[in-house]
Amino acid sequence: MSLLAVENLSLEFRTRSGIVRALENVSLELPEGGSLGLVGESGSGKSVLSFAILGIQDAAARITAGRIRFAGQDLLANEGRAMKALRGRELAMIFQNPRVALNPIRQVGQQIEDVLRRHTDLRGKTLRARAIECLAEVRIPDPERRYAAYPFELSGGMCQRVMIAIALACRPRLLIADEPTTGLDVTTQAAIMRLIRDLGHEKGMATLLITHDLGLAREFCDKLAVMHAGHIVETGPTEAVFRTPAHPYAAQLTRATPVGQDRLENLAAIPGNLPDLRRTDLPACRFAERCERRADDCAIPLPRYEVGAGHTAFCHHPTRLEAA
Amino acid sequence: MSQLIEAIDLVKHFPVGKKLLHAVDGLNFHIDSGETVGLVGESGCGKSTLVRLLTRTLDITDGHIRFHGNGIGLIPARAMAEHPLRREIQMVFQDPTDSLNPRYTARDTIGESARLLTETRDANEIRRMVEEAADHVGLPRELLDRYPHQLSGGQKARVGIARAIVVKPRLLILDEPTAALDVSVQAVILQLLDRLKREMGMSFLFVSHDLNVVRLLCDRVMVMYLGQIVETGKAAEVFARPLHPYTRAMIASLPGGLTGGQASDADLLIGGDPQSPIDPDPNRCRLLGRCPRGTDLCANSAPLLQTWADGRSAACHFVTP
């Protein structure tokens, strides 16, 4: 059974200028200890989906359909009360910009203690000892001294480690990492990603990695889900999606990534922009208006196309393996 | 090819209390006419300081900068706004949203550059220059009267580039021009820059920490670490066979690797953070402490940048050509 299962989730934002259908019929699964990369350009709904999983979406957001199940429990039941007990303990998240996400006027050790105090019975000296242990787990050198540091005294990479320490303090079963390395240098990025991966392996923790860097997702995730304008258009084992993308958007996204390309001319650009999700006349396929394979049937509900084992695309005109 | 800009023993120190922060510490390099040079290095290594020195918006501490053979290092940053050389060196900034005036239309933004930096005062002539620049960067003319918030990220990036090229500079400095763009748009902008380079014959200094982008766009690459150049060479060669441990570490850190790269896990840096740039020990390699190969030799003598016959150079005791 999967640890996390999002089933046919739809979410909309009510704004003054209309209803934004930010997620529509989104489904994904993540097994215990697995890693899933959620990729797509900005505005495709990656972060909205992860916030919805944690129940921290904006007040203007409304989940209109679907379920989110975590270890068999329905997270949306009881108006999210089930969620509150789990968030921070079983599910944890690390955010994009560590300097902004950390409290600037509290010592980083205290910020770890805050989480531990909320979810465990540890108090006093044992609490402090555990907080220092958490800093050591994320390979922060000299954790006793760093306990008393404020975020501004630490480098970006160190702040990100502190945030990971906070997220992992209660040994969650699921870690959601939203662009955890954006703004960090490549060398730091590699260190942070390896840390997340190793800790995931050590503790059997599942990871949902949200990123627009396909190279990163390719290296660190077993499975990939490609999002476009609030839809998941393709999902499958990472290498399969990279080698034989069936959905035209997934195909263009992989070709637009400079990783592994040897000539600038081979880089593909994806024409057009994300459609305005406030429109009421959106075709069933939200990529249709940017797509080279558009046909009349793109307006009717999308079929599910099985590309291979566990590899699915939602498209009327997928790249079929036998044709390729 | 002739040298367009040359830096000789360029130094910039910032006072921090009684100490000195060595932001740029004795750089020697040149950029030829029509050449594209990539400048890579982690944040805090002095890339931005170097850019500000070259654009003469920051006074140098020591050394020389020559532009077309003329020393420009001593032009005070305050006087640069009025200096005739200003139009020769133009910049494209990182975030196309932050670097555009929200109350200017695209036409105002591009036109302002033309009006201030050329002798042209004729409104029709400026209009013509703006439209020509817009055509060059593939910005549809009907978008010229829009404000930044009415433009997409890719279109704003084009406005930023048009503003820089409207005065036909000889050196264009691009500071992470694609970092704020989505992958879907990044490719178009990179191809645009590549075309501009060939059509207009400008030299580019391309500052980035996206090595994949540098590899695809640049002729030559310079790697900076804590205020010093640690490796230079032809981009294709540096990426295929990095010499300096820091370059090797950067390449090994790239997710998905590089075509032709042969870096391995053993190349990864061990320590997390660089040394402090404040009053660094002049007789110590600056990578020491993070470098997998560091020895006593590195603690007692700082390696100098050596150049070999094939035009490559690196600053490391353990590198042999």
Side-chain angles (χ1 to χ4, degrees), chain A residues 39-44 138-141 154-158 160-161 181-195 211-221 228 242 249 252-274 290, chain B residues 40-45 152-155 178-195 197 208-218 225 236 239 246-261 265 267-274 289-290:
Chain A
V39 299
E41 58 198 298
S42 10
S44 57
V138 292
R139 333 267 198 260
I140 291 183
L154 301 174
S155 66
M158 279 296 153
Q160 190 57 278
R161 281 170 202 262
T181 57
T182 312
L184 299 182
D185 296 306
V186 275
T187 47
T188 320
Q189 165 171 296
I192 294 287
M193 288 312 300
R194 276 158 215 253
L195 178 70
T211 179
H212 61 249
D213 184 341
L214 269 82
L216 200 67
R218 185 175 195 170
E219 182 157 332
F220 291 98
C221 300
H228 176 265
F242 265 95
Y249 180 67
Q252 282 178 321
L253 204 58
T254 51
R255 273 192 292 141
T257 309
V259 176
Q261 300 275 2
D262 49 356
R263 294 177 70 88
L264 200 55
E265 297 91 81
N266 298 344
L267 273 188
I270 306 175
N273 290 305
L274 291 172
R290 308 170 75 180
Chain B
V40 298
E42 62 193 346
S43 30
C45 74
S152 72
Q155 288 161 350
T178 57
L181 300 175
D182 261 312
V183 267
S184 56
V185 202
Q186 194 181 341
V188 197
I189 297 298
L190 289 175
Q191 283 159 352
L192 164 69
L193 290 173
D194 192 48
R195 183 168 59 78
K197 174 177 88 175
S208 182
H209 56 235
D210 188 336
L211 297 178
N212 270 303
V213 169
V214 170
R215 174 177 62 95
L216 289 172
L217 194 69
C218 297
Y225 188 80
F239 285 111
Y246 179 67
T247 319
R248 297 184 71 94
M250 273 205 297
I251 290 176
S253 302
L254 282 179
L258 280 169
T259 42
D265 263 15
D267 282 325
L268 282 178
L269 298 178
I270 35 178
D273 286 314
R290 297 179 85 187

Between B:Gln191 and A:Leu264, is there a donor-acceptor pair closer than 3.5 Å when you use the side chain of the first and the backbone of the second?
yes
Do you know the tightest heavy-atom contact between A:Glu219 and B:Leu254?
OE1-O, 3.8 Å
Heavy-atom distance under 4.5 Å to chain B: side chain of A:Gln189, backbone, both or neither?
side chain
A:Arg255 portion near chain B, given a 4.5 angstrom heavy-atom threshold:
neither
What's the separation between atom CZ in A:Arg194 and atom OG in B:Ser253, rounded to the nearest 0.5 Å?
7.0 Å
Could you tell me which of B:Ile189, B:Leu216, B:Leu217 has the largest number of non-hydrogen atom pairs under 4.5 Å with chain A?
B:Leu216
Counting heavy-atom pairs under 4.5 Å to chain A, which of B:Gly41, B:Gly153, B:Ala187 comes out on top?
B:Ala187
Could you look at B:Ser152 and say if it's the side chain, the backbone, both or neither that has a heavy atom under 4.5 Å from chain A?
side chain
